Number of protein chains: 2
Amino acid sequence: MSEKKKFGIKDIAKLANVSIATVDRVLNNRKDVSDVTREKIQKIIKENNYRPNMYARSLSVKNNLSIAVLIPRTSQQTGYWELCLTGINKGIDEFSSFGINIDVFLYDQEDVSTFNKAADTVFETKFNAVVVAPIFIEETRCFVDRCKQNGLQTIFINSDIPNSSSLGYVGPDLYSTGRLAGNLTSYLVQDESKLLILNVGKGLQNYKYLNTKIEGYTKYLENLGRNFDIVLRDIHHNDYNDVSRELSNLVEEIVPDLIFVTNSRVSVVGQFFHERPDFVKPHIIGFDFLPSNVDYLAKGVVDFLICQRPDKQGYLAIEYLYNYFLLKEKPADIKSMPIDILTIENYLFYEN
Amino acid sequence: MSEKKKFGIKDIAKLANVSIATVDRVLNNRKDVSDVTREKIQKIIKENNYRPNMYARSLSVKNNLSIAVLIPRTSQQTGYWELCLTGINKGIDEFSSFGINIDVFLYDQEDVSTFNKAADTVFETKFNAVVVAPIFIEETRCFVDRCKQNGLQTIFINSDIPNSSSLGYVGPDLYSTGRLAGNLTSYLVQDESKLLILNVGKGLQNYKYLNTKIEGYTKYLENLGRNFDIVLRDIHHNDYNDVSRELSNLVEEIVPDLIFVTNSRVSVVGQFFHERPDFVKPHIIGFDFLPSNVDYLAKGVVDFLICQRPDKQGYLAIEYLYNYFLLKEKPADIKSMPIDILTIENYLFYEN
DNA sequence: AATCATTGCGTAAACGTTACCGTAAATTCT
DNA sequence: AGAATTTACGGTAACGTTTACGCAATGATT
């Protein structure tokens, strides 16, 4: 209903006494325009604050961008990747009407061969870009090189292999994430408390991933000079019963004032203390907005959940590629994701 | 480069042996189609999972949606509304290429007449919708009624007047926000601590706004049964020197273990304790990601900043209207904004 | 002086969808 | 039975941009 007649290419052409083709040439700064007309047109463009109509532009160039997504399959032990996929799917819904088509390839994060197989499959179709979550460092490096040879842009999510992907990284800053956990810890416990850092999970391929967090955590707390007694332990199991058994031994031995679970498996620790009121419950900090984790946050068993928005990572990656390819925007460096703190009082409003 | 030929209206028409006009009729379920062909076409649409090309659709309907934004002017005492405007501007940048045009009208939040004047100005141009931040409750109600008569949709941001706006509300849940502050407080102080709730600011028109937060805060803490001593005070000043004077009296009298500043003026309290090391610094909790607030968060003077993403509120409101008018999506109820917790360790990653 | 390449520009056909206009055939009304 | 109306559909011009193609004028090469 607004009376503003949209100022378009035709109007520019009329003002400059040239054809729309010439205007288009200077807009997309191509050849075949004399300097004098080019400058005349550019002046008109600036003066009238011309904004191209993206609908028309995108309709005209038959841009069907196609993107491959290569991430781990959701296992029953961790719903983490399901969240990530949720974000990807949201991106698919939103962008498929805009000429983007997205194919998702899943691999088993405990089996390298499935990654390689999925990687091969990617090359069977001609994609423009691939979003990949690097679990197997070396294999991913190979894959990225192969993409580069085939003119495929790459972008990482969730964890980074620095200077490897062609378009960058969307995900959390792991070291800072660890420091934040340390920060929250410092509010929860008194000086000289006993702190237990706990790695839970069968796999061990992403140790570097966890270690960065742990380093941030311990460095932060050591610098406080509050004489905490920090212990680091692994529980190499996924199943609750196995974890429970080891945990009961651990807790009996260490008697921690606080447990920092370094990944998204914090719910099993929560479950343990919820089912075993015979143990005095320590404070608990963990990661990720999984339903099971939120459950124990809501029950008051887990104090803080630190979240890195895996769903948003996926969505942002897609959105970034959309901007990069279709709107031809400058590669505006991808920032790290926000690191969110969830408590029993604000989790309800955490957006998906 | 993807080989998938986009499946469009023409393809449907070919399969159904009808013209594209007929297909269009059933797509936009209009009249003038027999039941039998309608069903045949619908079947084809479903089977081939047809997705309309949004570019073409939006190009075809000359939809220049125009939106008015009616929010308080940024004062030097509070940069809050500047953040909000930032989000709006981001929306303008992003959506202006898509046929949306947005005009911003500012009013003085300490002067009702400026609101009414701005409101009048809105009606001089024909807008489709207006985004309004309600400060003056009654006047806003009038304005909304007037919009309704003129066929203007309304949407609130930042604070709500329930059942008033036609499209809903984008903003924080104030009661929960107060509870969260209480929750964080409970981590910072010991039983029987002295807590000071502080309203800072000259104006008093948004008292209801603050009281909802305060109610959430006190209710939460009282329910804990930890015998806190909670005191509520106002400082009716904006200028630092005035606030400082009153604050020094207050602190001498009360000696709080924690100060909960109920709005975005927390930086002046931070500044006070930073400049006056002769006073023992209490814990401090406040609101909003303003540069000055973040400054004292970074200095370690403020413990927690609770943020409601004013910038995102503005952006979301615009995005909502875009979806509502242009993509004709169902009014998917607007959720409350996430309530974010910022500490010295994660503020760097807080997205704008 | 004839040929050829280059420069600078215009014309028109796409892109997929919407919506107006026209018109046979079918139905209803006199 | 003829006229009037309704039903069901087809044809086609927009929407603003991109781009393949064409063509005149100029300058360079024989």
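The model shown is predicted, which means the values in this text are computed figures rather than measured ones. Lettering follows sequence order; numbering is per chain, from 1.
- In summary, contact between chain B and DNA chain D, defined as any nucleotide atom under 4.0 Å from a heavy atom of the protein, begins and ends at D:dA8 to D:dG16 in the 5' to 3' direction.
- Among the candidates A:K312, A:Q308, A:R309, the single residue satisfying the side-chain hydrogen bond (donor to acceptor under 3.5 Å, both in side chains) test with A:D340 is A:R309.
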Do nucleotides 8-17 of chain C as a string where each nucleotide becomes B, S or -: B if the base has a protein heavy atom under 4.0 Å, S if just the sugar-phosphate does, - if no protein is that close.
BBBBB--BBB
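- Of all heavy-atom pairs spanning A:N128 and A:L65, the tightest one is CB-CD1, 3.4 Å.
- Across all their heavy atoms, A:F325 and A:A129 have their closest contact at CE1-CB, 3.8 Å.
- One atom, CZ of A:R30, and another, C1' of C:dT7, lie 16 Å apart when rounded to the nearest Å.
- A:Y169 and A:Y320 have their aromatic ring centers separated by at least 6.0 angstrom.
- Aromatic pair B:F95/B:Y322: centroids less than 6.0 angstrom apart.
- We find that B:D120 and B:R146 are joined by a salt bridge, their nearest charged nitrogen and carboxylate oxygen being less than 4.0 Å apart.
- Annotation: salt bridge (charged side-chain N to carboxylate O under 4.0 Å, His left out) contacts involving residues 13-29 of chain A, sequence neighbours excluded, comprise A:D24-A:R30.
- Put simply, the residue from A:I102, A:V131, A:V130 that forms a side-chain contact (heavy atoms from CB on, under 4.5 Å) with A:L321 is A:V131.
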